K.L.:
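What follows is a single structure, and I will ask about it in a moment.
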Amino acid sequence: MAAVVLVTGGTGLVGKAIEYVIEHEPEGSRFGKRPGEKWIFASSRDADLRNPEETLKLFEKYQPTHVIHLAALVGGLFANRERKMTFLRDNMLINDNVLHTAHIKGTKKVISCLSTCVFPDKVEYPLTEEKVHLGPPHSSNFGYAHAKRMVDVQNHAYQEEFGCNFTSAIPTNVFGPHDNFDLKHAHVMPALIHKCYLAQKNNTPFKVMGDGSPLRQFIYSRDLAKLFIWQMREYESVEPVILSVDEDDEISIRELANSIVKVMNHPHKPEFENELNDNGQDRKPASNAKLMSLIGSDFKFTPFEQALGETVTWFLQNYANARTGQSHA
């Protein structure tokens, strides 16, 4: 029987990237659509996954054999700081409903999307899959982090008690077309792209919070999409997998801001506000050794400058309809 793949959060950053890859890779190829395979990209308009009845109706409507579970309440540093209980409860409800419904409906496989924020605040780097539960997460986002950690706990429990094939992925910082560029809620890269755009448009300084020193690994959404498709088809363990570029590919926020200036042809350098409290964690490098040993050395990530350029081009071409938090009236 051909697979029916339900992607929750299917209209977000990663869901749109999976849809793009499925449509653009050659049919029958490693990352392309398989003959007879059906993909459903569900959004919150299709079901409020915090609600068990709506979640069940969604599963009964499409009868998925596989689920890539991306739906979540997400936000940047400040949203996580301000709304810890909301991030904890909403995400626990979403995840519990999806996993429980997949279990009772006999779904063959579920891959849930976690985040590197699940890792302990105090931990030896690089991050590796077995370090998830070695200590409490960073205080700035402990609500979201604990909700995501519980998915790994649930995956193991469902496997041990019921034999469910549930697993998870831990991406590093994702970026790409269809990102959330709303300055109030965006992650660092889309926020900086939007800030640079507004600085250019209004002839004002391009101000960047912090001193630019923190280091991050950024993964292009269309590369991540391929990794989710690989994991769905070829990975058969309950243990999570870090989906990331190599730890040697860390980029500082200063380098990122300068790259955005270059790609957007902005005439002025970014101005760093040098408030250390605004930096977040200095670095949290993650090892992709497990991933690369499994997927093979022939898998290549899109060069960063190319991926950033494609993201900026999409943002500029779709500004009127992008998630910017701006009124376009």
Side-chain angles (χ1 to χ4, degrees), residues 1-12 14-23 25 27-43 46-47 49 51-72 91-114 129 148-171 224-243 290-291 294-296 299:
M1 190 179 78
V4 178
V5 187
L6 173 65
V7 182
T8 70
T11 58
V14 182
K16 281 291 188 183
I18 293 174
E19 186 175 25
Y20 178 90
V21 169
I22 285 295
E23 287 178 355
E25 289 288 309
E27 185 168 328
S29 65
R30 192 178 195 186
F31 306 114
K33 191 176 185 180
R34 298 278 168 88
E37 200 172 57
K38 185 178 180 184
W39 288 76
I40 296 108
F41 295 89
S43 75
D46 297 293
L49 297 177
N51 181 307
E53 289 81 15
E54 289 195 31
T55 307
L56 181 60
K57 282 180 184 174
L58 183 71
F59 274 69
E60 288 180 338
K61 180 178 181 180
Y62 293 113
Q63 299 291 325
T65 59
H66 297 71
V67 174
I68 298 178
H69 175 39
L70 308 175
N91 284 302
M92 287 190 72
L93 288 170
I94 289 167
N95 298 334
D96 186 53
N97 287 333
V98 168
L99 293 179
H100 178 67
T101 306
H103 160 55
I104 63 173
K105 296 300 292 181
T107 304
K108 289 181 183 176
K109 188 170 185 178
V110 179
I111 301 168
S112 296
C113 185
L114 309 187
E129 288 82 359
K148 287 293 189 179
R149 268 191 193 188
M150 279 304 298
V151 172
D152 180 55
V153 175
Q154 289 172 288
N155 286 344
H156 280 83
Y158 272 112
Q159 186 202 51
E160 288 180 25
E161 186 170 349
F162 302 113
C164 297
N165 188 4
F166 295 173
T167 189
S168 59
I170 309 177
L224 179 60
K226 292 177 181 177
L227 299 180
F228 269 110
I229 294 164
W230 161 80
Q231 194 175 8
M232 184 190 80
R233 291 174 177 164
E234 301 181 37
Y235 182 75
E236 296 298 331
S237 169
V238 67
E239 301 298 338
V241 186
I242 291 170
L243 305 183
K290 178 178 178 180
L291 166 68
L294 294 168
I295 198 169
F299 181 83

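The figures here come from the full heavy-atom set of this structure, side chains too, leaving out hydrogens, waters and symmetry mates. Predicted model, so just to flag it, every value in this text is computed and none were measured.
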K.L.:
Taking the side chain as every heavy atom from C-beta outward, state whether Val241 and Leu227 have any pair of such atoms under 4.5 Å apart.
P.N.:
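They are not in contact (no side-chain heavy atoms under 4.5 Å apart), so the answer is no.
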K.L.:
Can you give me the closest heavy-atom contact between Phe166 and Ala102, atom names plus distance?
P.N.:
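Shortest heavy-atom contact: CZ-CB, 3.9 Å.
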K.L.:
Is the shortest heavy-atom distance from the side chain of Ile242 to the side chain of Leu291 under 4.5 Å?
P.N.:
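A side-chain contact is absent here, since even the closest heavy-atom pair is not under 4.5 Å.
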K.L.:
Find the distance between CD1 (Ile295) and NZ (Lys226) and round it off to the nearest 0.5 Å.
P.N.:
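If we round to the nearest 0.5 Å, Ile295:CD1 and Lys226:NZ are 9.5 Å apart.
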K.L.:
Identify the two heavy atoms, one from Ile94 and one from Ala71, that lie closest to each other, and give their separation to 0.1 Å.
P.N.:
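Taking Ile94 first and Ala71 second, the nearest heavy atoms are CG2-O, 3.7 Å.
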K.L.:
To check you understand the geometry: which heavy-atom pair defines the closest contact between Asn165 and Lys108, and what is its length?
P.N.:
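That would be CB-O, 3.2 Å.
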K.L.:
Ignoring hydrogens and angles, write down the donor-acceptor pairs under 3.5 Å from the side chains of residues 56-66, residues two or more places apart or on other chains.
P.N.:
{"unit_1": "Gln63", "atom_1": "NE2", "unit_2": "Glu60", "atom_2": "O", "d": "3.0"}
{"unit_1": "Thr65", "atom_1": "OG1", "unit_2": "Val4", "atom_2": "N", "d": "2.9"}
{"unit_1": "Thr65", "atom_1": "OG1", "unit_2": "Val4", "atom_2": "O", "d": "3.2"}

K.L.:
Side-chain donor-acceptor pairs under 3.5 Å in residues 33-40, sequence neighbours left out?
P.N.:
{"unit_1": "Glu37", "atom_1": "OE1", "unit_2": "Arg34", "atom_2": "N", "d": "3.0"}
{"unit_1": "Glu37", "atom_1": "OE1", "unit_2": "Trp39", "atom_2": "NE1", "d": "2.9"}
{"unit_1": "Glu37", "atom_1": "OE1", "unit_2": "Arg233", "atom_2": "NH2", "d": "2.9"}
{"unit_1": "Glu37", "atom_1": "OE2", "unit_2": "Arg233", "atom_2": "NH2", "d": "3.4"}

K.L.:
First locate atom CD1 of Ile22, then atom CD of Glu27, and finally report the distance between them rounded to the nearest 0.5 Å.
P.N.:
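Ile22 atom CD1 to Glu27 atom CD measures 10.0 Å (nearest 0.5 Å).
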K.L.:
Would you say the side chain of Glu239 lies within less than 4.5 Å of the side chain of Glu129, judging by non-hydrogen atoms?
P.N.:
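Of all side-chain heavy-atom pairs linking Glu239 with Glu129, none is under 4.5 Å.
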K.L.:
For residues Met150 and Asn95, determine if any side-chain heavy atom of one lies less than 4.5 Å from a side-chain heavy atom of the other.
P.N.:
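Result no, sub-4.5 Å side-chain heavy-atom pair not found.
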K.L.:
Give a yes or no on this: more than 12 heavy atoms of other residues, nucleotides or ligands lie within 6.0 Å of atom NE2 of His156.
P.N.:
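Above 12, so yes.
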K.L.:
Mind checking whether Asn155 and Leu99 have side chains closer than 4.5 Å, heavy atoms only?
P.N.:
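Yes; the side chains approach each other to less than 4.5 Å.
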K.L.:
Can you tell me how far apart CE (Met232) and CD1 (Ile18) are? Round to the nearest 0.5 Å.
P.N.:
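That separation rounds to 9.0 Å.
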K.L.:
Closest approach of Glu19 and Phe41, non-hydrogen atoms and distance?
P.N.:
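Taking every non-hydrogen atom into account, CA-CZ, 3.4 Å.
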K.L.:
With the side chain counted from C-beta on, respond yes when Glu236 and Lys109 share a heavy-atom pair under 4.5 Å apart, and no when they do not.
P.N.:
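Side-chain contact under 4.5 Å: yes.
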K.L.:
So that I can tick it off, tell me whether Glu25 and Arg30 are bridged by a salt bridge, with the cut-off set at under 4.0 angstrom between side-chain N and carboxylate O.
P.N.:
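Looking at Arg30 and Glu25, the cut-off is not met.
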K.L.:
Counting neighbours of CD on Glu161 that are heavy atoms of other residues, nucleotides or ligands and sit closer than 6.0 Å, is the number greater than 12?
P.N.:
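Open: at most 12 neighbouring heavy atoms sit under 6.0 Å from CD of Glu161.
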K.L.:
Distance-only, no hydrogens or angles: does the Asn91 side chain make a donor-acceptor pair with backbone N or O of Ala72 under 3.5 Å?
P.N.:
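Such a contact is absent between Asn91 side chain and Ala72 backbone.
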K.L.:
Backbone N or O of Asp152 within a donor-acceptor pair of the Ser168 side chain at under 3.5 Å?
P.N.:
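Between the backbone of Asp152 and the side chain of Ser168 there is no qualifying donor-acceptor contact (under 3.5 Å).
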K.L.:
If every non-hydrogen atom of Val7 is compared with every non-hydrogen atom of Gly15, which pair is closest and at what distance?
P.N.:
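Shortest heavy-atom contact: CG1-CA, 4.3 Å.
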K.L.:
Can you find a pair of side-chain heavy atoms, one from Glu54 and one from Asn97, that are under 4.5 Å apart?
P.N.:
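They are not in contact (no side-chain heavy atoms under 4.5 Å apart), so the answer is no.
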K.L.:
At their closest point, which heavy atom of Thr167 faces which heavy atom of Ser237, and how far apart are they?
P.N.:
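Taking Thr167 first and Ser237 second, the nearest heavy atoms are OG1-O, 2.8 Å.
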K.L.:
Could you check whether the rings of His103 and Tyr158 sit parallel, tilted or perpendicular, using 30° and 60° as the cut-offs?
P.N.:
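Answer is tilted, since the angle falls between 30° and 60°.
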